[in-house]
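Reading through the structure tokens given below for one structure.
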Amino acid sequence: MAFWDKLRESSQTMQTQLMAKKNDLKSGAFRDASMAMCALVAAADGSVDPSERQRTAALIASNEVLQNFPAEDLQRRFNGYVDKLTADFAFGKVGVLQDIGKAKKKPAEARAVIQIGIIIGGADGNFDDNEKAVVREACHAVGLPPAEFEL
């Protein structure tokens, strides 16, 4: 199976798993960790161009699991995290990973945050090494082994 097909199939499977848990994913910690994860993946290469910001924002708005939260609130939080990361990536990443780590207390939320990161990373058909690296770091922040997600 081609890598692109495997990635697309994996993303679809993860989205199905997230939908099954949708009613359990309503906490503020999950909301914040998810937006932090989306921003971290978008900024994985150290910058976020306007088209990448727009594409990620559209993915957030269309994700059914994230529709548990007001779209404007998600957008504001996502933009805040992106701003932190683009101002100083290394320093911003420390704070963003701390917010991702808040999902650690609930394993279902922690897994969902990682799955969202993988879905966002693979949305353009290219889950690149920088994106994989930040998702691996997020796995450590929530106490999950990266190997569970084939990272």
Side-chain angles (χ1 to χ4, degrees), residues 6-7 9-48 52-53 55-124 126-151:
K6 185 176 180 188
L7 179 62
E9 184 179 294
S10 177
S11 290
Q12 289 169 344
T13 300
M14 287 183 187
Q15 185 61 33
T16 300
Q17 291 170 349
L18 287 172
M19 284 303 299
K21 299 174 193 159
K22 181 179 179 178
N23 292 331
D24 299 329
L25 302 173
K26 294 183 178 181
S27 76
F30 171 73
R31 176 201 60 213
D32 294 351
S34 295
M35 291 305 94
M37 175 59 90
C38 290
L40 186 60
V41 171
D45 63 359
S47 67
V48 182
E52 190 172 22
R53 188 185 285 243
R55 186 176 65 246
T56 305
L59 287 167
I60 291 167
S62 66
N63 186 295
E64 291 181 51
V65 174
L66 295 173
Q67 289 175 4
N68 283 333
F69 308 101
E72 309 80 42
D73 186 31
L74 295 176
Q75 183 72 39
R76 183 178 52 76
R77 291 173 192 281
F78 169 72
N79 285 331
Y81 287 120
V82 169
D83 292 345
K84 279 184 187 179
L85 290 162
T86 55
D88 182 340
F89 184 75
F91 185 72
K93 186 168 75 165
V94 171
V96 168
L97 285 169
Q98 286 176 337
D99 280 357
I100 290 170
K102 291 177 184 176
K104 185 177 188 173
K105 295 175 186 167
K106 295 182 180 176
E109 289 185 0
R111 277 185 184 77
V113 168
I114 301 302
Q115 289 172 326
I116 286 171
I118 293 168
I119 290 167
I120 294 293
D124 63 357
N126 181 28
F127 191 35
D128 67 37
D129 289 340
N130 290 327
E131 292 166 337
K132 288 177 188 174
V134 296
V135 174
R136 268 193 300 276
E137 287 183 71
C139 284
H140 295 298
V142 296
L144 294 173
E148 181 178 330
F149 304 93
E150 298 180 25
L151 294 171

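Only heavy atoms go into these numbers, but all of them, side chains included; no hydrogens, no water, no symmetry mates. It should be emphasised that the depicted structure is a prediction, and the values quoted were computed from it without experimental measurement.
- Note that CD1 of I120 and CG of L40 are 12.0 Å apart. Values are rounded to the nearest 0.5 Å.
- L85 places none of its side-chain heavy atoms less than 4.5 Å from the side chain of V48.
- Counting heavy atoms from C-beta on, the side chains of M37 and Y81 never come closer than 4.5 Å.
- Looking at F149 and I118, their side chains come closer than 4.5 Å, going by heavy atoms from C-beta outward.
- Identified under the side chain to side chain donor-acceptor pair (under 3.5 Å) test for residues 29-44, with sequence neighbours left out: D32-R77.
- Using a distance-only test at 3.5 Å, with no hydrogens or angles considered, a donor-acceptor pair links the side chain of N79 to the main chain of Q75.
- Of all heavy-atom pairs between G121 and E131, the closest is O-OE1, 3.2 Å.
- Among all heavy-atom pairs drawn from A112 and F30, the shortest one is CB-CE1, 3.6 Å.
- Closest approach of K104 to A110, counting heavy atoms only: CA-CB, 4.5 Å.
- Residues V142 and I100 share a closest heavy-atom pair of CG1-O, 3.3 Å.
- Atom CG of D73 and atom CG of L66 lie 11.5 Å apart (nearest 0.5 Å).
- A distance of 12.0 Å separates CG in D129 from CG in D45, rounded to the nearest 0.5 Å.
- A 4.5 Å side-chain heavy-atom check between I119 and F127 finds every atom pair outside the cut-off.
- What you find for C139 and L151 is that their closest heavy atoms are SG-CD1, 4.1 Å.
- Sorted by first and then second residue, the salt bridge (Lys or Arg N to Asp or Glu O under 4.0 Å) pairs with a member in residues 134-147 read K93-E137; sequence neighbours excluded.
- Nearest heavy-atom pair across A36 and V96 is O-CG1, 3.4 Å.
- The closest donor-acceptor contact from the side chain of S62 to the backbone of L59 lies under 3.5 Å.
- Every residue two or more places apart in sequence or in another chain was checked for a salt bridge (charged side-chain N to carboxylate O under 4.0 Å, His left out) with E72, and none qualifies.
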